[in-house]
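Notes for the one structure printed next.
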Amino acid sequence: MDETVAEYIRRTVLKIPRDEIKTMLQKWGFLSEMQLQTVNFHQLKENISQDVVQLCEENSADIKQAAVLDIIYNHIYPNKRMWSVYQMNKTGEEIEFFDFTDFKKKFKRRLRSALKNVTINFREYEDNAIWIRIAWGTPYTKPNQYKTSYVVYHSQTPYVFLSASVLRSNLPLLCQALVVASNYHDIREVELRSHSLNSLKDIVFKRYSQNFQTYCPRPLSERKVAPESADVRIIQENRNEKERIQRVNREVFGDGPQPKLEFAQYKLETMFKSDPKMDVMYKKEPFRCLVKFSSPHLLESLKSLAPVGMADAPLSPLLTCIPHKARNYFKIREKKGFFPESFVSP
Amino acid sequence: VKQEETEQREEKLARLKARVQELRRQRDELRAKVDLQQKGQLGKAGVVSDAAQPSAQAVLEWKIKSVKAMLQVFYLTGISGKLTKQGVCFCISTAYEGTYLDSYYLDLLTKPEVRIHRHSVPTFIPLEQIAKKHLETDIRRFLSVLADHLNAYVGRRHQADQLQEHFSDQIEGTLQRNSLCNLLVFNYNLSSRSKTFPFNARLLYGDLCCSLPTEVTVSCT
């Protein structure tokens, strides 16, 4: 077995939390159950990884199998990577049948025709998600297994989720291969990024809870009801206002959990509005500034702003439109209201 | 002339008297009604009440119940809606052969023209295409076509799920499908006379509004 493969497997195993190593190796399926029995999974991770490498040596693992283990790791821990969203366009109206074998063939052929030194692996999952792992090399060097890009694609949708590697020069090539393989015409980056892959999927696939007005709402028992305070002497002075805030909040954010985003960024190119007598900016040009909201869970914290009294309800539509417009990067210019957003390419 | 004036006064008097009679009659009627209502309330406390006259509360409850039932009927038809401040919100509820499946929502704006504000339709359903064709010209047709697409999609998906669930022992490997569930490929074995034959089936669903395949290829591998 190749030294580099051995080292790669060792480092991949070291990344996995100790309690999860056995399950992940079982998912991998490269080592037999009997072989796994011989490993003591309670020892130090250093030693576990050495044992695993030894077993892989016995089975003569090659880079393709090692890559599969890497995909499995990233599929279970996708939040360790930063994901961006790309959208593809096509003009035709033909019904797409999407054959996975066909897709793989076209993708590999397109990519390899431009760059021979790449490792490409595919893995299909139950929810129609296709994971593609690409390790990049150069025309003169072998693929670097530590410089990988990940692509997640759901068939027959125009959206692609990308966790690009450091080498941005390979991005156009990757995009081209995706477009060709999935029978679309072009692709562009959408201003939506997060560590939480599932939340990005929820936003673009509209799987998050939107509050639609309907005559058959879910039964009240499903909604969280604030407990009545047990002591009758405590009177809610602002009950009406509190209820109004709850109602408005629910209309805007829906009942369910919000998709997980870490930040929203607003690039302002607006004129500074001040008292004309103060004459702060004698140059009449836009005041450029960048406003960035960060949070471990931005949308949940926005949702709780009004109920805890830190902001008025309803919140500014600039904040509440984020899941609906499927973007968390905005460019705000001066005239004609709030959303002349253009797409900023990095 | 004096005679005419007297006659007029007498006529006016007669009219006013008749009016008073009428008003007294109405007052008595209303009084009787109020009495009966009060009796009805007391009746609820245990006294034998006049069963023929339902109380206002009971009438209101009955009205609410029948409206709810009507709304439920609309919901069960598969396409129901509710007027909103800016337009209307439609709910398309899907089902396949007696099993209720997902509901999808469309929030439409009606001014200045009909357009979609928000929705929960999956991205692989060609919503933009259907909207471009029908939304502004014939909204009934738009909803009908969209409901056909959605019902067919959940039907295909349900069948594929059922296949995986109930025949998992006969299928070799995994069932290859896609988001729209319009292409299914799987391998399965058939035994006959103590010999097993491996088969491959490929189901193509050419019509997105149909939950049955248009082309099936079965081959012995």
Side-chain angles (χ1 to χ4, degrees), chain A residues 85 87-104 122-130 153-161 182-183 190 200-219 251-252 254 256 320-321 323-326, chain B residues 67-68 70-76 80-91 93 103-107 117-130 132-133 153 157 160-161 164 174-185 202-209 214-215:
Chain A
V85 184
Q87 186 175 3
M88 298 190 284
N89 270 323
K90 71 168 151 191
T91 48
E93 290 194 5
E94 325 87 47
I95 296 175
E96 279 301 321
F97 290 106
F98 195 80
D99 193 329
F100 184 38
T101 335
D102 197 41
F103 175 83
K104 284 192 285 196
F122 298 86
R123 197 164 166 91
E124 206 184 4
Y125 283 93
E126 279 290 301
D127 57 347
N128 296 309
I130 297 166
Y153 177 59
H154 284 248
S155 53
Q156 295 159 322
T157 65
Y159 295 102
V160 180
F161 306 92
S182 53
N183 288 326
V190 170
L200 291 176
K201 287 191 194 184
D202 284 346
I203 291 175
V204 297
F205 295 149
K206 305 215 183 284
R207 301 189 308 207
Y208 64 99
S209 76
Q210 303 181 68
N211 211 25
F212 290 103
Q213 295 191 44
T214 161
Y215 283 120
C216 299
R218 287 203 218 111
E251 270 169 36
V252 170
T320 56
C321 72
H324 178 212
K325 294 219 179 276
Chain B
V67 166
K68 274 190 177 161
M70 186 63 84
L71 290 173
Q72 181 77 353
V73 167
F74 275 119
Y75 177 73
L76 289 173
S80 55
K82 180 180 181 189
L83 288 174
T84 62
K85 267 183 282 189
Q86 308 145 302
V88 60
C89 184
F90 285 106
C91 171
S93 321
S103 293
Y104 301 97
Y105 297 89
L106 275 161
D107 204 351
H117 179 49
R118 302 181 301 160
H119 66 86
S120 67
V121 175
T123 30
F124 39 80
I125 301 283
L127 178 64
E128 294 83 33
Q129 281 177 29
I130 304 172
K132 204 155 65 168
K133 259 197 212 155
Y153 156 66
R157 187 190 66 191
D161 290 342
Q164 271 183 298
T174 50
L175 178 71
Q176 188 199 318
R177 40 201 279 190
N178 55 27
S179 298
L180 268 170
C181 292
N182 67 349
L183 175 64
L184 286 179
V185 182
R202 188 186 157 94
L203 285 80
L204 209 77
Y205 298 77
D207 184 359
L208 284 183
C209 290
T214 49
E215 197 185 299

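Each chain gets a letter, A, B and so on, in the order the sequences are listed, and its residues count up from 1. Keep in mind that the numbers below use all heavy atoms, side chains included, and drop hydrogens, waters and symmetry copies.
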**Message:** Is there a side-chain contact (heavy atoms from CB on, under 4.5 Å) between B/C91 and A/F212? Walk through the geometry before answering.
**Reply:** CA-CA 9 Å; B/C91 171; A/F212 290 103; over 6 Å; no
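- Proximity to chain A (any heavy atom under 4.5 Å) is shown, for B/R157, by neither the backbone nor the side chain.
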**Asked** Passes side-chain contact (heavy atoms from CB on, under 4.5 Å), B/Q164 versus A/E126? Steps please.
**Response** CA-CA 11 Å; B/Q164 271 183 298; A/E126 279 290 301; 3.9 Å; yes
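- Across B/P126, B/S80, B/S120, B/C181, the residue that shares the most heavy-atom pairs under 4.5 angstrom with chain A is B/S120.
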**Item:** Derivation and outcome, side-chain contact (heavy atoms from CB on, under 4.5 Å), residues B/L183 and A/F98
**Value:** CA-CA 7 Å; B/L183 175 64; A/F98 195 80; over 6 Å; no
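- Applying the 6.0 Å contact sphere to CD of B/Q129 captures more than 12 heavy atoms from other residues, nucleotides or ligands.
- Note: A/K206 NZ to B/R118 CZ = 9.5 Å, rounded to the nearest 0.5 Å.
- The aromatic rings of B/H117 and A/H324 stand perpendicular to each other, their planes meeting at an angle above 60°, with 30° marking the opposite boundary.
- For B/F74, no part lies near chain A; criterion is any non-hydrogen pair under 4.5 Å.
- Checking side-chain atoms of B/S179 against main-chain N and O of A/S155 turns up a donor-acceptor pair under 3.5 Å.
- For A/K201, the side chain to side chain contact (heavy atoms under 4.5 Å, CB included) criterion is met by A/D127, A/A129, A/V152, A/H154, A/F161, A/L197, A/N198, A/F205, A/R207, not counting sequence neighbours.
- In this structure, the salt bridge (Lys or Arg N to Asp or Glu O under 4.0 Å) partners of A/K90, at least two apart in sequence or on a different chain, are A/E96.
- Heavy atoms of A/Y208 lying under 4.5 Å from chain B are absent altogether.
- Judged purely by distance below 3.5 Å, without hydrogens or angles, the side chains of A/Q156 and B/N182 pair a donor atom with an acceptor atom.
- The two residues A/F97 and B/N178 have their closest heavy-atom pair at O-ND2, 2.5 Å.
- When the candidates B/Q176, B/K82, B/K68 are compared by the number of heavy-atom contacts under 4.5 Å with chain A, B/K82 comes out ahead.
- Your options are A/N211, A/I130, A/V204, A/T101, and the one with the most heavy-atom pairs under 4.5 Å with chain B is A/N211.
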